[in-house]
Participant: 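I am attaching a structure below and will ask some questions about it afterwards.
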Protein chains: 2
Amino acid sequence: MVRTIDELAKLSGVSRATVSRVLNNGSVSDATRRRVQAVVDRTNFRPHPAARSLASGRSGVVGVVMHIDSHLLFRDPYFSQLLQGMSDALADGSAGMMLWLGNRSKEETLDRILGIRLLDGVIVTAHNLDDSLVDGLLASDLPTVLIGHRSADRTASYVDVDHVHAADAMTTHLLESGRRRIGHITGMRGTVAGEDRLTGYRRAMHRARLASDDLVVDGDFNEPSGAAGAAVLLDHGVDAIFCANDATAVGALRVIRERGLRVPEDVALAGFDDLDFAAHLDPPLTTVRQGVREQGAQAVSSLFQLVRDRDGAPSRVILPTELVIRQSTVGGVPRA
Amino acid sequence: MVRTIDELAKLSGVSRATVSRVLNNGSVSDATRRRVQAVVDRTNFRPHPAARSLASGRSGVVGVVMHIDSHLLFRDPYFSQLLQGMSDALADGSAGMMLWLGNRSKEETLDRILGIRLLDGVIVTAHNLDDSLVDGLLASDLPTVLIGHRSADRTASYVDVDHVHAADAMTTHLLESGRRRIGHITGMRGTVAGEDRLTGYRRAMHRARLASDDLVVDGDFNEPSGAAGAAVLLDHGVDAIFCANDATAVGALRVIRERGLRVPEDVALAGFDDLDFAAHLDPPLTTVRQGVREQGAQAVSSLFQLVRDRDGAPSRVILPTELVIRQSTVGGVPRA
DNA sequence: GGCAGTAGTGGAAGCGCTCTCAACGTACTC
DNA sequence: GAGTACGTTGAGAGCGCTTCCACTACTGCC
């Protein structure tokens with residue numbers, strides 16, 4: 001078995017340097033490249049990653065930091081879809097992924113990430129308004145791409161969607177379909193998505209000159225908070241509920257049903273995320289598609305670019321959202 | 001900032017070799033060790049992993065292979081708990097984890113794992129009776145520890161529980177509490193756990209001279225199969241249902257309820273796994289505790305040992321199971 | 001006192017690769 | 001035909017660490 005580039009060089013009758021060039025897409029004549037590549041293929045040779053990393057200073061491994069409870073990670077499909085998007089994109093770029101979950105304190109996690117001297121860069125979720133881990137990574141010299149961003153992160157590289165705009169559009173859709181008492185169950189307060197979606201909702205209500213003070217209930221992106229929030233809102237006589245995400249909507253749907261009300265005839269229901277299950281609810285859920293996998297993939301590609309050109313301009317990407325209108329908001333008439 | 005062991009050697013007035021010994025718990029006098037360690041701590045020095053790996057031939061990274069659908073991975077708490085157990089144990093051993101999920105074909109996954117030349121060893125779930133990926137890893141010279149094992153794997157290193165024995169014990173418990181028509185909803189056929197648990201059930205029934213032919217329904221470890229299986233078994237007039245895992249039991253419980261039957265008064269219900277939610281069902285579920293996190297941790301420790309002593313004897317560990325008796329099987333009387 | 005045995009230490013040879021630099025054509029220009 | 005430019009190649013110097021080997025200084029023993 002061929003274990004080193006030297007043996008390979010001997011086998012193909014060129015120098016070690018030339019083999020290295022073939023392996024790294026350096027400048028080599030076509031004839032030589034073909035000859036060497038044939039030997040590489042025949043012997044199924046793979047360069048030793050540690051040697052390569054030591055010599056080049058690059059490891060081909062990126063850190064993915066999701067500082068959240070691991071039970072949340074495995075329960076909320078948002079995170080698993082994000083992870084899938086990144087995982088696939090990294091594999092396509094033949095890079096490795098090192099996952100950092102919220103098992104430890106932010107200080108310790110930051111310390112380890114910076115100390116490990118292995119990572120070419122990191123992708124970190126910046127969902128909370130206040131996050132010392134994100135701050136620490138941005139302050140370090142490790143190339144960093146955020147998923148989501150706070151207003152303080154405007155100069156960093158990030159991938160995000162325009163939550164305010166999307167929530168505004170959803171609320172407007174509900175208004176246009178004749179609803180007037182539109183309730184909102186927020187996401188977790190203190191998170192960017194939670195606050196921004198609330199802002200979008202308020203903006204649309206305000207534009208329509210409708211009060212919304214008694215129509216907002218705090219949630220936390222989880223199903224139980226959707227159920228609790230819906231209970232309150234239904235008591236306030238809403239004709240529509242806009243939930244900060246799909247999981248919340250599932251909880252709300254359950255409570256609406258339990259009260260013997262129909263969706264959308266009595267109450268229209270909308271979510272956010274368009275996770276896989278949203279289309280399969282009964283009735284199918286109107287929601288905002290935000291391409292979670294695409295966000296993950298985009299973050300990877302932004303990071304690759306940042307690693308390649310460390311002094312280049314930060315890459316700031318706002319991915320489009322799409323209003324996905326399904327039966328949970330249309331086809332019925334408001335109760336009033 | 002101190003970036004190399006040489007600078008550190010100069011700073012502490014010893015040779016590079018001695019610093020390396022301090023870093024790797026080699027034989028160094030106490031005085032020297034303290035002196036060097038002080039400098040290490042003060043400068044917060046971390047050796048470069050690639051250099052270390054290149055020189056030593058060890059990477060400190062282990063592969064974790066779970067060749068299953070990723071939606072299953074993120075839905076079934078069994079896998080996430082297993083992952084948590086491994087993740088924690090690896091972190092304690094300051095080793096890294098490279099995760100290989102079922103995104104690609106087994107052939108390609110195997111090819112990549114063996115080609116990457118980075119892994120010190122792998123931990124792989126061997127849940128299916130027939131698995132070319134497991135076979136390939138065992139045949140390679142990469143230290144490998146299985147979680148679960150087939151009868152063909154008796155010479156490999158593995159961590160497992162005695163499914164047959166545990167299922168027998170559970171069935172016996174049901175018999176001893178007066179049940180006679182005990183149904184069993186199997187796990188996925190073709191998996192070790194599915195087949196072995198069925199065997200244990202059959203063994204206990206046979207010992208009690210009870211027929212079980214019309215009392216076994218195939219399931220697949222998932223909630224819907226529990227619901228479907230329970231529907232069939234209830235039609236056959238069972239007074240107890242032993243489900244191959246907790247998720248299945250959740251489905252069964254729902255159907256039992258829908259029929260207006262009481263647990264355990266009319267039908268006793270038992271699961272397997274003792275996942276976190278089992279204790280919080282209504283009524284709390286009798287089940288078999290198999291310490292999923294412990295299995296993950298044990299697999300890591302077995303692998304560490306195997307890496308340290310590659311020619312040592314395989315480590316075969318059967319972890320104990322525990323019958324956890326809760327209200328779903330006791331406190332009521334059989335319907336008959 | 002001489003000897004073997006044993007810690008503790010330093011020197012130096014790599015681990016397998018990348019990448020700079022210089023050398024070598026070959027082609028093209030004047 | 002000399003000079004320039006360019007594309008292609010090889011030699012060799014590391015990247016930062018581990019580890020073998022040799023050496024010293026000490027200990028205990030006959």
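Below, chains carry the letters A, B, ... as their sequence lines are ordered, and counting in each starts from 1.
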Participant: In whole Å, I'd like the distance from the CG atom of A:Asn24 to the C1' atom of C:dT18.
Facilitator: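 Rounding to the nearest Å, CG of A:Asn24 and C1' of C:dT18 are 7 Å apart.
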
Participant: Are B:Ser15 and C:dG11 close enough that a side-chain N or O sits under 4.0 Å from OP1 or OP2?
Facilitator: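 It does not, given that no N or O in the side chain of B:Ser15 lies less than 4.0 Å from OP1 or OP2 of C:dG11.
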
Participant: How would you list, by chain and number, every residue that makes a side-chain contact (heavy atoms from CB on, under 4.5 Å) with B:Ser20, sequence neighbours excluded?
Facilitator: B:Ile5, B:Asn24

Participant: Return the minimal non-hydrogen interatomic distance between B:Val19 and B:Ala9, and the atom names on each side.
Facilitator: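 Here B:Val19 and B:Ala9 meet closest at CG2-CA, 3.6 Å.
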
Participant: Sort and list the pairs that fulfil side chain to side chain donor-acceptor pair (under 3.5 Å) and have at least one residue in residues 58-68 of chain B, not counting sequence neighbours.
Facilitator: B:Ser59-B:Asp120

Participant: By the 4.0 Å heavy-atom rule, please label A:Ser53 as base, sugar-phosphate, or nothing.
Facilitator: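 Nothing: the residue A:Ser53, judged by heavy atoms under 4.0 Å, touches no strand.
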
Participant: Given C:dC19, is OP1 or OP2 found less than 4.0 Å from the side-chain N or O atoms of A:Arg58?
Facilitator: yes

Participant: B:Arg117 or B:Thr18: which one's nearest nucleotide on DNA chain C is closer to the 5' end?
Facilitator: B:Thr18

Participant: Round to the nearest Å and state the distance from B:Asp6 atom CG to C:dG11 atom P.
Facilitator: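 In whole Å, C:dG11 P lies 11 Å from B:Asp6 CG.
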
Participant: I'd like the 5' and 3' limits of the part of DNA chain D contacted by chain B, with heavy-atom contacts below 4.0 Å.
Facilitator: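 Taking any atom under 4.0 Å from a heavy atom of chain B, the span is D:dG16 to D:dC20.
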
Participant: In this structure, how many angstroms lie between the P atom of C:dT18 and the CG atom of A:Asn25, rounded?
Facilitator: 12 Å

Participant: I need the single residue from A:Asp135, A:Asp130, A:Asp160 that forms a salt bridge (charged side-chain N to carboxylate O under 4.0 Å, His left out) with A:Arg150. Which is it?
Facilitator: A:Asp135

Participant: Taking CZ from B:Arg34 and P from C:dG8, how many angstroms apart are they, rounded to a whole number?
Facilitator: 12 Å

Participant: We want to know whether A:Ser302 and A:Gln298 form a side-chain donor-acceptor pair, criterion being a heavy-atom distance below 3.5 angstrom.
Facilitator: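 Side chains of A:Ser302 and A:Gln298: pair found under 3.5 Å.
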
Participant: Of all residues at least two apart in sequence or in a different chain, which pass the salt bridge (Lys or Arg N to Asp or Glu O under 4.0 Å) check with B:Arg21?
Facilitator: none

Participant: Identify, with sequence neighbours excluded, every residue that meets side-chain hydrogen bond (donor to acceptor under 3.5 Å, both in side chains) alongside A:Lys106.
Facilitator: A:Asp131

Participant: Considering only nitrogen or oxygen atoms on both sides, find all protein atoms under 3.5 Å from nucleotides 12-15 of chain C and state each distance.
Facilitator:
{"residue": "C:dC15", "atom": "O2", "partner": "B:Ala55", "partner atom": "N", "Å": "3.4"}

Participant: Side chains of B:Arg46 and A:Asp111: closer than 4.5 Å at any heavy-atom pair?
Facilitator: yes

Participant: Would you say that more than 12 heavy atoms from the other residues, nucleotides or ligands in this model lie under 6.0 Å from the CG of B:Asp41, or not?
Facilitator: yes

Participant: Does OP1 or OP2 of C:dC17 have a side-chain N or O of A:Ser20 closer than 4.0 Å?
Facilitator: no

